[in-house]
Amino acid sequence: MTKETIFSKLVGFGSDGASVMTGCKSGVSTRLKREQPLLFSMHCMAHRLELGFKAVVGENSFMTTFSELLFSIYNFYHSSALNRENLKSSCAAAGVKFLAPSRVGGTRWLPHTMLALKKLWSMYPALMQHFEQLSIATGAGVSSDSKAKAKGFF
């Protein structure tokens with residue numbers, strides 16, 4: 001196919017709305033329109049929906065607190081191999097499958113939050129057991145920081 005054939009068949013362009021894609025001076029859409037002036041360019045509806053949802057959620061204090069909790073639990077296990085191994089042991093004792101907590105946020109905020117929530121819900125008994133064990137633990141094996149965070153989660 002030649003360049004002319006491709007541009008003669010090009011009727012539409014959808015993007016995530018980033019300025020590199022939609023910029024009026026040198027965005028991809030603008031460059032394509034130079035070759036095909038009748039090109040229809042649009043901001044992807046799925047991306048617009050996610051941006052709108054994220055804006056609404058950002059105004060809701062409960063959802064902000066909930067997202068912060070999910071992120072804190074992710075960091076608690078992501079930054080400590082000991083906590084992660086102890087959670088694996090709690091999962092084995094509770095008879096549930098270990099799933100490493102997921103990070104929330106990023107460009108696909110909704111799917112990441114849903115995945116994090118599903119993982120935490122499936123391991124809920126093991127998480128509660130681990131938080132309880134950490135919050136009442138004594139001795140040198142548990143840092144005071146981990147103990148305080150576990151009490152807060154529990």
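Across all non-hydrogen atoms, the minimal contact from P101 to Y77 is CG-CD1, 3.8 Å. Residue S26 comes nearest to R31 through the heavy atom pair O-NE, 3.1 Å, listed as atom of the first residue, atom of the second, then distance.
With sequence neighbours excluded, the residues satisfying side-chain contact (heavy atoms from CB on, under 4.5 Å) with M114 are K118. K97 meets the side-chain hydrogen bond (donor to acceptor under 3.5 Å, both in side chains) test with no other residue; sequence neighbours excluded. Every side-chain hydrogen bond (donor to acceptor under 3.5 Å, both in side chains) that E85 has, sequence neighbours left out, goes to K88. For the ring pair (Phe, Tyr, Trp, His ring centres under 6.0 Å) test, no residue two or more places apart in sequence or in another chain qualifies with F98.
Taking 4.5 Å as the limit, some side-chain heavy atom of C91 sits within range of a side-chain heavy atom of V96. Looking only at side-chain heavy atoms (C-beta outward), I73 and L120 come within less than 4.5 Å of each other. L127 has its side chain out of reach of S90: every pair of non-hydrogen atoms, C-beta onward, lies at least 4.5 Å apart. Using a 4.5 Å cut-off on side-chain heavy atoms (C-beta onward), K25 and T30 make no contact. Side chains of F131 and F76 form a contact here, defined as non-hydrogen atoms less than 4.5 Å apart. When side chains are defined from C-beta on, L38 does not count as touching K33, because their heavy atoms never get closer than 4.5 Å. Counting heavy atoms from C-beta on, the side chains of L134 and N83 come closer than 4.5 Å. Side-chain atoms of Q129 and Q133, non-hydrogen and from C-beta on, do get closer than 4.5 Å to each other.
In this structure, M42 is not a member of the same hydrophobic cluster as L51, with clusters built from ILVMFWY side-chain heavy atoms closer than 4.5 Å. Under a hydrophobic clustering in which Ile, Leu, Val, Met, Phe, Trp and Tyr are joined whenever their side-chain heavy atoms come within less than 4.5 Å, directly or via other members, V104 and W121 fall into different clusters. Hydrophobic cluster membership is shared by F66 and F71, with clusters built from Ile, Leu, Val, Met, Phe, Trp and Tyr side chains linked at under 4.5 angstrom.
Around NE2 of H43, the count of heavy atoms belonging to other residues, nucleotides or ligands within 6.0 Å exceeds 12.
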- prompt: What do the steps show when you test T5 against S8 for side-chain hydrogen bond (donor to acceptor under 3.5 Å, both in side chains), and what is the final call?
  reply: CA-CA 5 Å; T5 305; S8 71; 5.3 Å; no

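Taken to the nearest 0.5 Å, the CZ atom of R34 stands 10.5 Å off from the OG atom of S29. Distance check: M128 CE to S135 OG gives 10.0 Å after rounding to the nearest 0.5 Å.
Counting Ile, Leu, Val, Met, Phe, Trp and Tyr side chains that sit under 4.5 Å apart, directly or through other members, L82 stands alone, with no cluster partners. Hydrophobic cluster of F13: the remaining members, joined at side-chain heavy-atom separations below 4.5 Å, are F7, L10, V20, M21, V28, L32, L39, listed by chain and number.
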